[in-house]
Trainee: 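Below is the structure I would like to discuss, written out as structure tokens.
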Amino acid sequence: MKDHHAIIKATRSFVAENVKDEVTGHDMAHLERVWKIAKNIAYEEKADIFVVELGALLHDIADHKFYGGDHTVGPKMAAAFLVAEGVDDGIIAHVCDIIENMSFSKSIDGVTLSLEGKIVADADRLDALGAIGIARAFAYGGFKKRKLYDPSLPPIKKLTMKTYARQESHTINHFYEKLLILKDRMYTKTAKKIAEKRHKFVQEYLDEFLSEWNGTR
Ligand code: ADP
Ligand code: NI
């Protein structure tokens with residue numbers, strides 16, 4: 001196997017090429033942010049840093065939402081790349097397991113993840129929170145031609161895979177249906193701490209948004 005540094009470098013080039021036309025929040029900047037924060041969490045949590053780095057960089061390689069709900073396309077593409085890079089079989093299997101099972105939608109179905117998988121999932125979720133998370137939500141909503149807000153459509157209280165996939169709603173509902181519940185879905189202690197701060201910011205933003213909407217501020 002080549003040295004880790006060379007493999008990470010090749011992986012960054014590979015995913016950058018793969019997401020170059022992406023504008024809905026799964027772009028290279030997202031992968032770089034998830035990679036960096038996942039690395040930091042991995043140090044704190046004493047996890048296998050190399051597996052976490054590969055999982056973070058490759059986690060969005062083929063989003064199931066764009067492949068008719070198929071969760072296996074991403075792991076297959078990642079495995080083909082990692083085999084060509086000469087990565088050990090055990091590491092490839094672990095990384096593919098992470099990519100296949102780390103998504104928020106899978107967690108609703110109750111999958112179990114390794115420590116490294118939990119860290120990649122946490123890092124990805126952290127990027128949906130805070131200032132960047134808010135920007136990504138509105139960018140995604142705009143891409144889907146959704147309204148910013150519509151008070152006549154209240155958020156769905158109980159989230160299941162079916163209702164999560166429905167999402168024919170406005171972007172503010174996404175805050176209630178996903179962003180504000182992320183804090184309690186963090187796996188690691190390190191991510192929980194970061195999430196608390198970002199959660200508070202999202203909440204303050206929502207208060208401000210609704211006050212301005214209602215003309216009370
Ligand atoms: P996951 O891979 O965990 O399923 P998504 O692909 O759903 O995550 O989310 C990617 C980004 O797009 C996140 O920042 C998320 O908040 C945002 N997003 C996803 N669905 C919506 C939606 N219905 N409205 C607004 N933003 C959304
Ligand atoms: Ni992601």
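In each ligand, atom 1 is the first atom listed, and ligand 1 is the first ligand listed.
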Trainee: Please confirm whether His26 approaches ligand 1 to less than 4.0 Å, judged on its heavy atoms.
Mentor: yes
Trainee: Check this for me: Asp89, atom CG, are more than 12 non-hydrogen atoms of other residues, nucleotides or ligands nearer than 6.0 Å?
Mentor: no
Trainee: So which protein N/O/S atoms does the Ni ion (ligand 2) have within less than 2.8 Å?
Mentor: His30 NE2, His59 NE2, Asp60 OD2, Asp124 OD1
Trainee: Does ligand 1 have any atom sitting under 4.0 Å from a heavy atom of Glu177?
Mentor: no
Trainee: Please list, in number order, the atoms of ligand 1 under 4.0 Å from a heavy atom of Leu179.
Mentor: 16 (O)
Trainee: Judging by distance only, is a nitrogen or oxygen of Arg146 under 3.5 angstrom from one on ligand 1?
Mentor: yes
Trainee: Got more than 12 heavy atoms from elsewhere within 6.0 Å of NZ, Lys2?
Mentor: yes
Trainee: Please answer whether the main-chain N or O of Thr190 pairs with a side-chain N or O of Glu45 as donor and acceptor at a distance below 3.5 Å.
Mentor: yes
Trainee: List every atom of ligand 1 that sits less than 4.0 Å from any heavy atom of Ala137, numbering the atoms from 1 in the order shown and giving each element.
Mentor: 25 (C), 26 (N)
Trainee: Does the pair Val73 and Met77 meet the rule for a side chain to side chain contact (heavy atoms under 4.5 Å, CB included), with working shown?
Mentor: CA-CA 6 Å; Val73 181; Met77 281 169 71; 4.1 Å; yes
Trainee: If you apply the rule side-chain hydrogen bond (donor to acceptor under 3.5 Å, both in side chains), what do you find for Ser114 with His94, and how did you get there?
Mentor: CA-CA 9 Å; Ser114 64; His94 192 171; 2.7 Å; yes
Trainee: Centroid separation under 6.0 Å, is that true for the rings of Phe138 and Phe143?
Mentor: no
Trainee: What distance separates Ile91 CD1 from His4 NE2, expressed to the nearest 0.5 Å?
Mentor: 5.5 Å
Trainee: So which bit of Asp127 gets within less than 4.0 Å of ligand 1, heavy atoms only: side chain, backbone, both or neither?
Mentor: neither
Trainee: Below 3.5 Å, N or O to N or O, backbone or side chain included: is there any such pair between Ser103 and ligand 1?
Mentor: no
Trainee: Answer with yes or no after comparing the ring centroid distance for His59 and His30 against a 6.0 Å cut-off, counting only values under it.
Mentor: yes
Trainee: Looking only at non-hydrogen atoms, find the nearest pair between Leu115 and Ala47 and report the distance.
Mentor: CD2-CB, 3.7 Å
Trainee: If we count only N and O atoms by modelled type, under 3.5 Å, do the side chains of Ser152 and Asp150 hold a donor and an acceptor together?
Mentor: yes
Trainee: Which of the listed options, Lys178, Lys144, Arg125, holds the heavy atom that is closest to atom 1 (P) of ligand 1?
Mentor: Lys178
